[in-house]
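Naming: A, B, ... by sequence-line order, numbering from 1 per chain.
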Number of protein chains: 2
Amino acid sequence: MNTLAEENYLKSIYHLSVNATSVSTNQLAALLNTKASSVTDMLKKLAEKELINYTPYQGVSLTAAGEKIAVNIIRKHRLWEYFLVEKLDFKWDQVHEMAEELEHISSNELIDRLDKFMEYPKFDPHGDPIPDCNGLFKIHNLKPVSSIGINEGGVICGVRDHSKAYLQYLEKQSLTIGKKVTVAEIIEFDHSMVLHTEDNTIQISREVANNLLIAL
Amino acid sequence: MNTLAEENYLKSIYHLSVNATSVSTNQLAALLNTKASSVTDMLKKLAEKELINYTPYQGVSLTAAGEKIAVNIIRKHRLWEYFLVEKLDFKWDQVHEMAEELEHISSNELIDRLDKFMEYPKFDPHGDPIPDCNGLFKIHNLKPVSSIGINEGGVICGVRDHSKAYLQYLEKQSLTIGKKVTVAEIIEFDHSMVLHTEDNTIQISREVANNLLIAL
DNA sequence: AATGAAATTTAGACTTGTCTAAATATATTA
DNA sequence: TAATATATTTAGACAAGTCTAAATTTCATT
Ligand SMILES: [Mn+2]
Ligand SMILES: [Mn+2]
Ligand SMILES: [Mn+2]
Ligand SMILES: [Mn+2]
C-alpha cells in the first residue's frame, strides 16, 4: 500500500501536528534524522498521493486520508509495545525500537486479532492511548508534575520523553505508570521537587518533573 | 544487518539447496518471482559479502555464514506462524504471507522471548521443524502418502505444497497434522487413493497424495 | 524598504534493487 | 563436431530514497 518511508513521514507529521496546525520541513528533517532536501522530495510524493496538504515554503498538514494512515501506524506501534511488555516481559525502555519495525507489518487483521488477544488495552506501556480499530481514542488531559504546587499531586499516567535513559531513570526511582505522587517541597534555587510516593520520598530535577505527566 | 532482499535470497537458496548441492540462477528467479538478470546482480553482492559460494554460470551454494542467516530467518518465519495459529487463532492457510513480513523483524531477543512465551514449539503449523536459538532442528524422515502401499499408513506430519488452495482443501477433508491415515485402496487408472482416517473414508488424487507427508 | 540570516527548494549525484534487450557461455542433439 | 537451444551474464535504464551544494524564498532587523 504505502512504503515504509512514507509511513514514517506520515507518522512524524502526525506527531508534530499535535502542537501546531502546520509542520515545517526542518522539523521533519530533525525528527526523521534526514536532510531538509530529502524531506522536500518526499513531501512532493505525499502531496501527489493526496495524503498531505503541501504548499512550498508553507509547511504541511495531513489530509483526512493521511491522518487515517498515521493513526493506524500509531495503533500498531502501541499495541506491539503493549504485547512486548505484557506478554514477552520486556521493560518499558526496551520496546520502542522493536515497535518501530513491527508497526509496518501490513495486516490489519493481524493487529485486530492481537488487540483481541490482549483484551483491547487502552494505553501502551508509556501511558499513551491506543487507537481502536476505527482510529478512535481518548486524549487524557495530563499535566507535567512541574506545573503543580505544594501538597498537590496525582497519578503518573504518561511521559513526554520516551528516551531509554529517562525511562530507566524513572524505573529505578519507581516512578512508573499508576504510581501516586504528591509534591512535598519545591526548591526555589533550581525548581527541583521533593515528591512523596506510596513507598518513599524522592527528589527530582525540574527537567525530570517537566517530562513526567500526571492525572489530577 | 542484511537487507530484506538479501534475506529473501539467502532463504530461497537454502530452500532450494535441500534437494541439490548447487542452486541455479533460473531456479532462484522462479522462486523469487524476479528476472534472472536481477538474480545475477544480487548473487554478486552476496558473494562479495561471503554469504554464498558463486562461480559465474555454475550456480551457488551457501557459505556457513549464509546458512546461519538463512536458518535464523526460517526460525523466525516458523515461530511467527506458530504464534499466529496458536495464539491469534488464524488458520494454517492464512499465516504464510504475514510470516513473510514478520520474519524480517530484526531482534533476536524478541524471537527468543516469543519462543519461550510459546514454550519452545518444535514444529510449525504445517509440520515443518522450528530451528532452536542455536539453529538446530531435527529433520523428520517423512514420506509422501503416494509412496506407500495398501493397508499401510501413518500420521500426517507435513505438507510439500504450502499453497492456500492445497491447505484449505486438506482442512476441509480433515487431513490435518496429527491425523492418522491408512491406505485402503489404490485406483490403478489415475493412482488416486482411498484413505481411511479415524473419522471417515476419503478419496484423494495422486497430486494430493504426493504432497501429503506422513511418518510411518 | 533594504539587507542579511534562516528556511526551503532545486539540481545533480549516488545506492539498492529491479527491468529489458543484447551478448556470451553452456548444454543438447543431430 | 557443428548447429541450435537454453541458461546466464552484461549493458544500460529506471524508481525510490537519500545526499551535498547551489539557488531561491521567506523572515527578521534595521
Ligand atoms: Mn514507542
Ligand atoms: Mn509507547
Ligand atoms: Mn510459511
Ligand atoms: Mn510453515
What is the distance, to the nearest angstrom, from the [atom1] atom on [X] to the [atom2] atom on [N]?
X        : N       : atom1 : atom2 : value
Leu32(A) : dG17(D) : CG    : P     : 12 Å
Glu48(B) : dT15(C) : CD    : C1'   : 15 Å
Leu28(A) : dG17(D) : CG    : P     : 15 Å
Lys44(B) : dT18(C) : NZ    : P     : 14 Å
Met1(B)  : dT16(C) : CE    : P     : 16 Å
Lys35(B) : dG17(C) : NZ    : C1'   : 15 Å
Leu43(A) : dA7(C)  : CG    : P     : 16 Å
Asp41(B) : dA13(D) : CG    : P     : 15 Å

Which listed nucleotide ([options]) is nearest to the side chain of [X]?
X        : options                  : result
Ser37(B) : dT8(D), dT20(C), dT10(C) : dT20(C)
Met42(A) : dT16(C), dT18(D), dT9(C) : dT18(D)
Ala5(B)  : dT9(D), dC19(C), dG17(C) : dG17(C)
Thr40(A) : dT8(C), dT26(C), dT16(C) : dT8(C)
Thr34(A) : dT8(D), dC19(D), dT10(C) : dC19(D)
Tyr57(B) : dT10(C), dT8(D), dT8(C)  : dT8(D)

[X] vs [N]: side-chain N/O to OP1/OP2 distance below 4.0 Å:
X        : N       : result
Tyr9(A)  : dA16(D) : no
Ser24(A) : dA7(C)  : no
Lys45(B) : dG17(C) : yes
Asn26(B) : dT6(D)  : no

If the threshold is 4.0 Å, N to carboxylate O, is there a salt bridge linking [X] and [Y]?
X        : Y         : answer
Arg75(B) : Asp115(B) : yes
Glu48(A) : Lys44(A)  : no
Lys49(B) : Glu6(B)   : yes

Under a 3.5 Å cutoff, is there a donor and acceptor pairing between the side chains of His104(A) and Asn8(A)? yes
Residue whose nearest DNA chain D nucleotide is more 5′ - Gln58(A) or Thr3(A):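 Its nearest nucleotide being more 5', the pick is Thr3(A).
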For the residue pair Asn211(A) and Tyr166(A), what are the closest heavy atoms and their distance?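 Here Asn211(A) and Tyr166(A) meet closest at C-OH, 3.2 Å.
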Base, sugar-phosphate, or nothing: which does Ser38(B) touch, judged by heavy atoms less than 4.0 Å apart? base
